[in-house]
Amino acid sequence: MTTTRNRQERDSSTANNRDRYEPSSIEKKWQERWEREAVHKTHDDVPGKDNWYALVMFPYPSGDVHIGHWYQYAGADSHARFKRMQGYNVLHPMGFDSFGLPAENAAIASNIHPRIYTETNIDNMRRQFRSMGTSYDWDRELTTHTPDYYRWNQYLFLRLYEAGLAYQSRGFANWCEGCQTTVANEQVLDGACERCETPIARREMDQWFFKITEYADELLQMEHIDWPNKIKVMQTNWIGRSQGVDFQFDISEYGLSESSLTTFTTRIDTVYGVTFVVLAPEHPLVEQLTRPEQREAVSEYIAKAARTSEIERTSTEREKTGVPTGAYATNPLNGDRVPILVGDYVLATYGTGAVMGVPAHDERDLIFARKYDLPIRVVIAPDGWDGSDLTEAYLTPGTQVNSAEFDGLPNSEGLEKIADKIEAENIGNRRVTYRMRDWQFSRQRYWGTPIPIIHCESCGTVPVPVTDLPVQLPDEAEFKPTGRSPLADDPDFINTSCPECGAPARRETDTMDTFVDSSWYHLRFASPQEAEAPFEPSAVKSWLPVHQYMGGAEHAVMHLLYARFFTKVLRDLKMIDFGEPYSRLFNQGLLVKDHQKISKRSNPLAPDPLVERYGADTIRCYLMFLGPWDQGGDWSDDGLAGITRWLNRVWELATRDASGLSSTGGEQAERELIRAAHKTTRRAVQDLERFKFNTAIAALMELSSEMNRRWEGGSVSAGTWSDVIDRLLLLTAPLAPHIAEELWERRGHSFSIHNQSLPGWDDELAADEVITVVVQINGKVRERLELAADVTEEEAFEAAFASDRVKAYTDDAEIVRRIYVPGKLVNLVVR
RNA sequence: GGGGGAGUGGCGAAAUGGCAGACGCGCAUGCCUUAGGAGCAUGUGCCGCAAGGCGUGCCGGUUCGAAUCCGGCCUCCCCCA
């Protein structure tokens with residue numbers, strides 16, 4: 001009776017002076033105060049704290065922050081906040097990857113200067129990031145389109161150029177006739193321009209490259225970095241290391257400058273089965289080898305191939321085509337004279353641009369041979385082969401046949417012995433090739449970092465002296481695409497003098513791929529205002545490599561590979577002393593809405609109105625509650641109510657006046673609430689560490705409900721209640737930073753909750769006193785027993801046998817086996 | 001075609017060798033309310049009145065015991081062709 005009356009009094013007395021949870025008012029208030037009091041200001045070193053660099057991939061300022069950004073940045077921010085409350089000195093910076101094609105295209109489309117367009121977007125995005133309650137130190141913000149940043153792109157380019165790792169060479173680029181410009185590989189979608197859908201052609205142009213292939217083998221070494229296996233596999237496939245043999249066919253009969261034609265193969269064991277040779281249309285010998293009677297057909301074919309994208313050319317769906325050159329090549333191993341054809345499924349950039357055709361042992365070659373009526377010769381025989389024709393290409397291991405002295409060997413052995421012979425006779429050699437090519441980073445675009453090179457008639461290619469940096473991107477230049485680099489039309493920009501001889505000279509007019517900017521930005525964040533160098537060595541030493549990198553998997557083989565390459569180069573240039581930029585990587589999944597891709601047009605979900613209506617904390621928590629962060633989530637407005645209710649409950653629990661509580665439930669009730677609190681702490685901390693935000697929130701919800709029940713019972717002391725409330729708020733703080741801060745203040749604690757340590761837990765206090773032991777008969781659950789936590793095996797079996805339900809199964813049966821899993825179950829195998 | 005990931009209630013999902021469905025949405029019933037798109041309580045995998053049986057894409061295997069491990073197949077998503 002007393003308890004009931006007390007409770008009613010408490011409720012009515014507190015109802016009046018308690019106010020409701022109104023996210024809009026408290027969120028703005030705390031965002032301003034955090035900024036005013038520099039709560040997220042990061043110092044390079046804090047005595048007694050270890051540094052933790054939590055980096056999330058910085059965004060393109062291509063428009064509004066959309067809900068997918070929220071999904072990424074809210075999760076990353078929660079994890080960074082969690083590490084901060086774990087006691088680390090955390091660097092969690094933000095910037096903008098603000099050069100590049102998307103911004104430039106959007107700017108052109110709306111007839112605004114790319115700089116104005118970009119800076120307007122950045123202002124808007126900065127505002128939105130603030131509205132999320134992110135914990136960035138804005139003093140460290142960097143934007144890559146400013147000279148303060150891109151001058152260091154130019155500086156690093158010069159260092160790579162000096163080291164022979166940047167070079168200019170003629171190469172094929174993706175040319176879009178519609179946009180009158182080249183586009184990057186990643187902007188080619190199914191052979192067409194992603195913007196105007198014009199088919200992409202290949203055009204030969206002077207291009208700049210970074211020698212990433214020099215680091216191919218080291219880039220394959222990934223055992224020592226803690227990255228998702230998925231990404232490691234993608235990088236390995238992308239690099240595509242293959243071991244093979246360069247093999248020379250004799251073409252001396254034509255009396256050309258070259259007496260041999262080199263092909264590359266990974267299957268030299270099939271060399272006795274070669275019945276034709278195929279050259280890429282761009283192969284340098286095509287012109288000279290083509291016989292007069294084939295000249296017209298070959299020229300026509302080459303012209304057609306030039307209009308076809310590489311992706312299309314190598315597609316397995318597409319029919320393999322080719323034309324004979326009329327010339328023949330002689331296989332030096334057996335003297336066979338085989339026709340030379342031109343085929344566009346062979347790429348000039350892979351291997352040697354020439355392949356040997358072995359129709360019996362390669363699917364593509366077989367289709368090609370059948371189509372053009374070329375001979376098919378089996379040289380690797382399956383077990384029990386009767387000498388008849390094969391119906392399909394034989395690709396698996398077998399025995400060498402029709403292979404001269406190698407007949408009878410398993411082909412794995414033939415592979416080595418034939419390679420030995422080729423090397424001994426000097427008609428070829430073993431070689432490792434990679435699918436990955438050097439990184440073509442020059443763009444005929446305006447909105448990027450000018451490449452700091454000067455072309456002089458007498459001195460050739462001359463690097464701009466470091467003291468002359470930055471080479472400024474002219475603001476006034478014409479930026480619309482005209483078919484060549486926009487900067488080429490700006491006389492003030494191109495006309496200069498040669499740094500070596502002083503004669504009039506022309507500047508390089510290409511700009512850099514934006515992936516150059518993002519290859520080292522993590523270093524810049526360590527000392528973003530450094531004016532004398534790209535980064536300050538001691539700051540880099542305190543912060544790098546990045547402890548935890550977070551971002552989407554779409555960058556697996558672009559940014560993430562380039563950044564690793566840059567890191568290795570800078571290490572070799574002795575600018576840094578580590579070889580991997582990101583020690584740990586976590587990829588968040590994709591957010592969809594109602595099972596469909598979120599799109600501005602067909603399935604929109606703008607964050608600002610949601611924040612206005614529900615509050616940033618609610619949106620953050622809901623996004624994190626949808627499912628495991630790495631698996632992505634499925635947004636549906638309906639589910640928001642659950643998070644709203646929970647945060648309201650936290651508010652309501654934390655604002656109750658607990659002074660009237662008395663420990664009527666005794667020690668038992670106290671212990672049970674303390675146990676729930678310690679269990680929750682353990683679960684939440686362990687889950688947050690592993691990015692399992694969804695189950696961390698579930699644990700906090702359970703604790704909230706448990707507290708509500710305990711209050712109804714009126715059974716715990718005010719002191720215990722208060723401790724558990726504080727625990728709940730501290731654990732909620734990384735996820736819902738505003739409400740936690742507000743309630744922390746209302747409970748009389750000092751500012752800020754985000755400078756507090758997470759609560760610890762005691763496994764003994766978290767341990768159950770009573771456990772449920774499951775009794776299985778032949779693996780099926782037949783009984784559940786409530787037993788003391790410290791029950792012995794003997795006691796557990798005794799309890800099991802005492803149960804009537806168990807007896808029903810054991811009475812007429814023989815027990816052949818008994819299994820005991822401490823604290824969990826008893827299994828009786830009966831017959 | 002190759003590689004990777006996933007498949008569990010009406011829905012988002014838990015459980016990674018030991019009680020399948022935690023937590024949340026939705027739904028149902030009741031309470032409270034001038035009102036309810038608010039709050040509270042209880043229930044909610046399927047079949048069955050019940051006892052009980054069935055149940056984690058499908059088929060098989062390993063195990064005392066499988067959503068979880070192994071083999072084969074189907075479907076969906078991502079990356080590369």
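Letters A, B, ... mirror the listed sequences (proteins, then strands); counts begin at 1. This structure is a prediction, so every number in the text was calculated from the model and none was measured.
Counting to the nearest Å, the P atom of B/G52 and the CD atom of A/E783 are 11 Å from each other. Atom C1' of nucleotide B/G12 and atom OH of A/Y71 are separated by 11 Å, given to the nearest angstrom. Rounded to whole Å, the distance from NZ on A/K824 to P on B/G17 is 9 Å. If you take CD1 of A/I367 and P of B/G1, they are 12 Å apart, rounded to a whole angstrom. A straight line from CD of A/Q686 to C1' of B/A22 spans 16 Å, rounded to a whole angstrom. The separation between A/M234 atom CE and B/G2 atom C1' is 14 Å, rounded to whole Å. Across the protein-nucleic acid pair, A/W238 atom CH2 and B/G2 atom C1' stand 15 Å apart, rounded to whole Å. Counting to the nearest Å, the C1' atom of B/C77 and the CG atom of A/D634 are 13 Å from each other.
Between A/K304 and A/D344 there is no salt bridge, since none of the side-chain N atoms of the basic residue sits less than 4.0 Å from a carboxylate O of the acidic one. A/R710 has a carboxylate O that lies under 4.0 Å from a charged side-chain N of A/E672, or vice versa, which qualifies the two as a salt bridge. Between A/K679 and A/E702, none of the side-chain N atoms (NZ, or NE/NH1/NH2) sits under 4.0 Å from a carboxylate O, so this pair counts as no salt bridge. With respect to A/D763 and A/R682, a salt bridge is recorded, a charged nitrogen being found less than 4.0 Å from a carboxylate O. Note on A/K593 versus A/D634: no salt bridge recorded, every NZ/NE/NH1/NH2 to OD/OE distance being 4.0 Å or above.
Rounded to a whole angstrom, the distance from the P atom of B/A13 to that of B/A81 is 30 Å. For the C1' atoms, the distance from B/U44 to B/C23 is 15 Å, rounded to whole Å. Taking atom P in both B/C25 and B/G39, the straight-line distance is 9 Å, to the nearest Å. Straight-line distance between the C1' atoms of B/G24 and B/C74: roughly 32 Å, to the nearest whole Å. Nucleotides B/G9 and B/G45, compared at atom C1', are 5 Å apart to the nearest Å. Using P as the reference atom, B/A20 and B/G26 are 28 Å apart when rounded to the nearest Å. B/A41 sits 27 Å from B/A50 when the P atoms are compared, rounded to a whole Å. For the P atoms, the distance from B/A67 to B/C19 is 9 Å, rounded to whole Å.
The ring pair (Phe, Tyr, Trp, His ring centres under 6.0 Å) search around A/W70 returns none, not counting sequence neighbours. Taking the ring pair (Phe, Tyr, Trp, His ring centres under 6.0 Å) definition, one finds that A/H361 meets it with nothing, sequence neighbours left out. With sequence neighbours excluded, the residues satisfying side-chain contact (heavy atoms from CB on, under 4.5 Å) with A/R727 are A/A677, A/H678, A/T681, A/P759. Here A/H555 pairs with A/H559 under the ring pair (Phe, Tyr, Trp, His ring centres under 6.0 Å) rule; sequence neighbours left out. Residues meeting the ring pair (Phe, Tyr, Trp, His ring centres under 6.0 Å) test with A/Y434, sequence neighbours left out: none.
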Would you check, one step at a time, whether the test ring pair (Phe, Tyr, Trp, His ring centres under 6.0 Å) holds for A/Y614 with A/Y622?
CA-CA 10 Å; A/Y614 298 100; A/Y622 183 53; 8.8 Å; no
CA sep, side-chain torsions, deciding dist, call: A/L700, A/L728, side chain to side chain contact (heavy atoms under 4.5 Å, CB included)
CA-CA 7 Å; A/L700 296 173; A/L728 178 66; 4.1 Å; yes
Secondary structure of RNA chain B in dot-bracket form (Watson-Crick or G-U wobble, distances below 3.5 Å, | marking inter-strand pairs)
(((((((..(((.....[....)))((((((.......))))))(((....)))..(((((..]....)))))))))))).
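Between the side chains of A/T213 and A/R437, not a single donor N or O lies within less than 3.5 Å of an accepting N or O. Side-chain contact of A/N708 with A/R656: a donor-acceptor pair under 3.5 Å is present, judged by distance alone. Residues A/N229 and A/W227 bring no donor and acceptor atom of their side chains to less than 3.5 Å of each other.
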Output one line per pair: protein atom, nucleotide atom from nucleotides 32-35 of chain B, and distance, for all N/O pairs under 3.5 Å.
none

Polar pairs (N or O, both sides) under 3.5 Å between protein and nucleotides 40-47 of chain B?
residue	atom	partner	partner atom	Å
B/C40	OP1	A/R649	NH2	3.1

Please write out the pairs of protein N or O atoms and N or O atoms of nucleotides 28-30 of chain B separated by less than 3.5 Å, giving the distance to one decimal.
none

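Of the two residues contacting RNA chain B, namely A/G633 and A/A641, the nearest-nucleotide position lying further toward the 5' end is that of A/G633. Nucleotides of RNA chain B nearest to A/L825 and A/L590 differ in position, and the one nearer the 5' end is that of A/L825.
Within 4.0 Å of A/K593, counting heavy atoms only, lies no atom of the nucleic acid at all. Counting any heavy atom pair closer than 4.0 Å across all strands shown, A/V829 reaches sugar-phosphate atoms only and no base atom. If you check every strand for non-hydrogen atoms under 4.0 Å, A/R690 touches nothing. Residue A/Q776 is in base contact, counting any heavy-atom pair closer than 4.0 Å across all strands shown. Heavy atoms of A/N694 sit under 4.0 angstrom from primed sugar atoms or phosphate atoms, though from no base atom.
An anti base is found at B/G37: its glycosidic angle is more than 90° from 0.
A sub-4.0 Å separation between OP1 or OP2 of B/G53 and a side-chain N or O of A/R782 is present. Between A/K692 and B/A15 there is a side-chain polar atom (N or O) within less than 4.0 angstrom of OP1 or OP2. Taking 4.0 angstrom as the limit, A/R784 places none of its side-chain polar atoms (N or O) nearer than this to OP1 or OP2 of B/C19.
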Less than 3.5 Å apart, which donor and acceptor atoms pair up between the side chains of residues 787-797 of chain A and the rest of the protein, not counting sequence neighbours?
residue	atom	partner	partner atom	Å
A/T792	OG1	A/E795	N	3.1
A/T792	OG1	A/E795	OE1	3.3
A/E795	OE1	A/T792	N	2.9

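Among residue pairs with one or both ends in residues 639-650 of chain A, those qualifying as side-chain hydrogen bond (donor to acceptor under 3.5 Å, both in side chains) are A/W646-A/S704; sequence neighbours excluded.
For RNA chain B, the neighbouring residues in residues 617-627 of chain A, judged by any heavy atom under 4.0 Å, are A/F625, A/L626.
Between the side chain of A/Q631 and the base of B/G5, no donor-acceptor pair under 3.5 Å is found. A/N827 contributes a side-chain N or O that forms a donor-acceptor pair with the base of B/C64 under 3.5 Å.
With hydrogens and angles ignored, the 3.5 Å screen pairs no side-chain donor or acceptor of A/N827 with any backbone N or O of A/I819.
In the set B/A13, B/C25, B/A22, the nucleotide with an atom closest to the side chain of A/P628 is B/A13. Side-chain proximity of A/A698 to the nucleotides B/A22, B/C64, B/G24 is greatest for B/A22.
Using a 4.5 Å heavy-atom cutoff, the side chains of A/Q776 and A/V781 are in contact.
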